[in-house]
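When a residue number appears, it is its place in the shown sequence, counting from 1.
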Amino acid sequence: AGGPGVDAALGDAALADAAPGDAALGDAADPPDPLGYDPTTCACDREILPGERTVDLAALAPGAVVCLRASTAAERGALTLTGLAGTPAAPILIRNCDGAVTLTSTSSASALTASGTGFRISGGGAVGVAYGLRATGAGTSFAVSIGRATEVEVDRVELFATAFAGLTAKVDPSAASCAVADRRFDPFVMRGLHLHHLWAHDLPGEGLYIGNSFYGGAGARYCYAATNTTCDRSACPGATQQYPHELRDVHIHHNRIERTGWDGIQVGSAVDGCAVTDNQIVGFGQAGVDSQNHGIQIGGGSACTVERNLVQDGPKGMTLQGIGATTVRNNLILDFGGVGVEVNPRPTPLATDIVATGYRGGFVIEHNTLLAGPGATYAMTDVNAAAVGDLTGVDNRLTDQLVLFPSAAWARRTDARYGWTAVGNQQHATAVAAGLAGATVDALCLTATSPAVDAAAGAALADDYRGVARPLGARDDVGALECH
């Protein structure tokens, strides 16, 4: 992978370049997605010229190729692409050629903005260049913005040095009309969002900001901000809230995210088909802003599978704020300075939501390895708030965690509200007691005499963090790694 080593503990580990079972522990589990086009050629249906800033591509047929040639101009200004109309089977491809192309915004506009359907933005168009599209701008909030769009893929893009975040994919409720981009009135759903092999780094806000954070209702902002006296509220009589659009079929995988001020990955309003897998997130929450300091935030309205991620060096490893039907498994959550995993969910607010004013299911947290850093308070905690409601009717499981934490009080659970089933978890105060070779990423496999070997008590899994088949012994090993 093109970026520097994530951490001294990771060395030069690339994202998923080794075979499953043979990778360093810093590697993600799956092989890279095949590129799907030839980076040695540059046959284009439409070339974007250096002076073009807003380009309507509505005339292109599905399957067309749009090129940004480094040989024409490797350094360019901000670019907005509209009218994209491909299909899932024949997406329009926007790619670099002949080398890396950097888009730099000198205003508040994103360096790259795109909307439409059925398109792919890919920086894989030059041999030997891992991130052939680079997006930045000191005055813009986002390096890349995906707006009103469906069936979108973005890969092999470097996102860095903006005024806030790396990439955003959402349409916020309107500040001009109460009904626009409100799911009660606007049928738009962002479907088919595929983000992979991105490198987001050195950002004061989030690395990836996916979906709106206020699924439960945005009352004091947008149309209903106290200072907004011009918004048309006639279509929403009696309303005091706007409700953002949903996302469905979201897959965020094999991304590198380093040194973010706020969350590494934040996903909101992703109600179905959401997977956050095989990412490396190191050095997050560096701005010290409470509630914006997570490696991964599964935000309001979201129901996601979160597995095989490396989350290292920040205040809170993960927070689960969504609508249940969420599984967190086979993750390495290391060197957290506050909480490893926090559960703080909210039910859907509307009778017309994916489930009516309730939860889609429970929270399953299984087979993670959590190593506390200095100042850590809990490896796992849930939030006892009235707004959570009663979750005892769904399946909430906390099973087979391997926890390196200084005391036995590693988990704070309010059992009456959540009804956790907790079995097979092991807490150890030292790496030696846990039977680990050490407390760095590449030394986390269990020794043969570890009490965690063959000790899992929960449901058996198919594989581990690296893709190694489970079990190797009589039962699964506790934690994210199957070693003996």
Open item on the list: Quick test of your reading: applying salt bridge (charged side-chain N to carboxylate O under 4.0 Å, His left out), list the pairs with at least one residue in residues 238-254, sequence neighbours left out, ordered by first then second residue.
Closed with: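 Listed by first then second residue: Glu246-Arg248.
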
Check: Pairs in or reaching into residues 345-356: which pass salt bridge (charged side-chain N to carboxylate O under 4.0 Å, His left out), with residues at least two apart or in two chains?
Finding: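 Every salt bridge (charged side-chain N to carboxylate O under 4.0 Å, His left out) pair that includes a residue of residues 345-356, provided the two are not neighbours, is Arg183-Asp353.
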
Checking side-chain contact (heavy atoms from CB on, under 4.5 Å) for the pair Arg46/Leu57: CA distance, chi angles, key distance, verdict?
-> CA-CA 9 Å; Arg46 171 71 156 86; Leu57 298 173; 4.1 Å; yes

N-O pairing of [X] and [Y] below 4.0 Å:
X	Y	value
Asp382	Arg413	no
Arg120	Asp155	yes
Glu47	Arg69	yes
Arg148	Asp186	yes

>> Applying salt bridge (Lys or Arg N to Asp or Glu O under 4.0 Å) to Arg256 and Glu158, what does each step give before you reach the verdict?
In response: CA-CA 10 Å; Arg256 299 181 71 157; Glu158 181 180 354; over 6 Å; no

Any donor and acceptor pair, going by atom type alone, linking the side chain of [X] with main-chain N or O of [Y] inside 3.5 Å?
X	Y	value
Asn396	Gly419	no
Thr392	Arg417	no
Thr326	Gly324	yes
Thr104	Gly77	no
Asn228	Thr230	yes
Ser107	Ala109	yes
Ser302	Ala270	yes
Thr87	Pro62	no
Thr80	Thr113	no
Asp395	Gly362	no

Mind checking whether [X] and [Y] have side chains closer than 4.5 Å, heavy atoms only?
X	Y	result
Thr82	Leu84	no
Gln312	Ile333	no
Ile48	Leu79	yes
Arg134	Phe160	yes
Ser122	Ile94	no
Tyr37	Leu93	yes
Arg221	Phe214	yes
Val343	Val383	no

request  = Please lay out, stage by stage, how Tyr209 and Trp262 fare under the test ring-ring contact (aromatic ring centres under 6.0 Å, His included).
outcome  = CA-CA 10 Å; Tyr209 188 167; Trp262 288 19; 8.5 Å; no

Between the side chains of [X] and [Y], is a donor N or O closer than 3.5 angstrom to an acceptor N or O?
X	Y	result
Thr277	His254	no
Thr117	Thr150	yes
His294	Gln266	no
His194	His253	yes
Glu258	Trp199	yes
Asp182	Gln242	no
Asn368	Gln401	yes
Ser145	Ser110	yes
Gln297	Asp263	yes

Spacing of [X] atom [atom1] and [Y] atom [atom2] [to the nearest 0.5 Å]:
X	Y	atom1	atom2	value
Met318	Met380	CE	CE	13.0 Å
Tyr418	Asp390	OH	CG	11.0 Å
Asp278	Asn309	CG	CG	6.5 Å
Thr136	Leu103	OG1	CG	10.0 Å
Ile210	Leu167	CD1	CG	5.0 Å
Asp313	Gln286	CG	CD	7.0 Å

Locate the shortest heavy-atom distance separating [X] from [Y]; write the atom from each residue and the value.
X	Y	answer
Ala175	Cys231	O-CB, 3.4 Å
Ala126	Asp98	CB-C, 4.2 Å
Gly124	Pro39	O-CB, 3.4 Å
Ser269	Asn212	OG-O, 3.0 Å
Ile298	Cys304	CG2-SG, 3.9 Å
Asp232	Cys223	O-SG, 4.3 Å

Among Tyr243, Tyr215, Tyr359, whose side-chain contact (heavy atoms from CB on, under 4.5 Å) with Thr348 holds?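 Looking at Tyr243, Tyr215, Tyr359, the match for Thr348 under the side-chain contact (heavy atoms from CB on, under 4.5 Å) is Tyr215.
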
_Distance under 6.0 Å and angle within 45° of ring axis: Lys316 vs Phe336_ =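 No, Lys316 does not lie over the aromatic ring of Phe336.
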
Worksheet item: Is the NZ or CZ atom of Arg397 both under 6.0 Å from the centre of the six-membered ring of Phe363 and within 45° of that ring's axis?
Response: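 The answer is no; the distance or angle limit is not met.
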
**Message:** Walk me through whether Leu193 and Leu247 qualify under side-chain contact (heavy atoms from CB on, under 4.5 Å).
**Reply:** CA-CA 8 Å; Leu193 181 65; Leu247 290 80; 4.3 Å; yes

Separation of SG atoms, Cys67 and Cys44, below 2.5 Å
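Yes, disulfide present: SG-SG under 2.5 Å.
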
- [ ] Inspect cysteines Cys236 and Cys178 and report if their side-chain SG atoms are under 2.5 angstrom from one another.
- [x]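 Yes.
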
**OP:** Apply side-chain contact (heavy atoms from CB on, under 4.5 Å) to Val66 and Ile92, showing your working.
**Re:** CA-CA 7 Å; Val66 178; Ile92 294 173; 4.1 Å; yes

**Asked** Does the pair Val311 and Leu334 meet the rule for a side-chain contact (heavy atoms from CB on, under 4.5 Å), with working shown?
**Response** CA-CA 6 Å; Val311 178; Leu334 313 179; over 6 Å; no

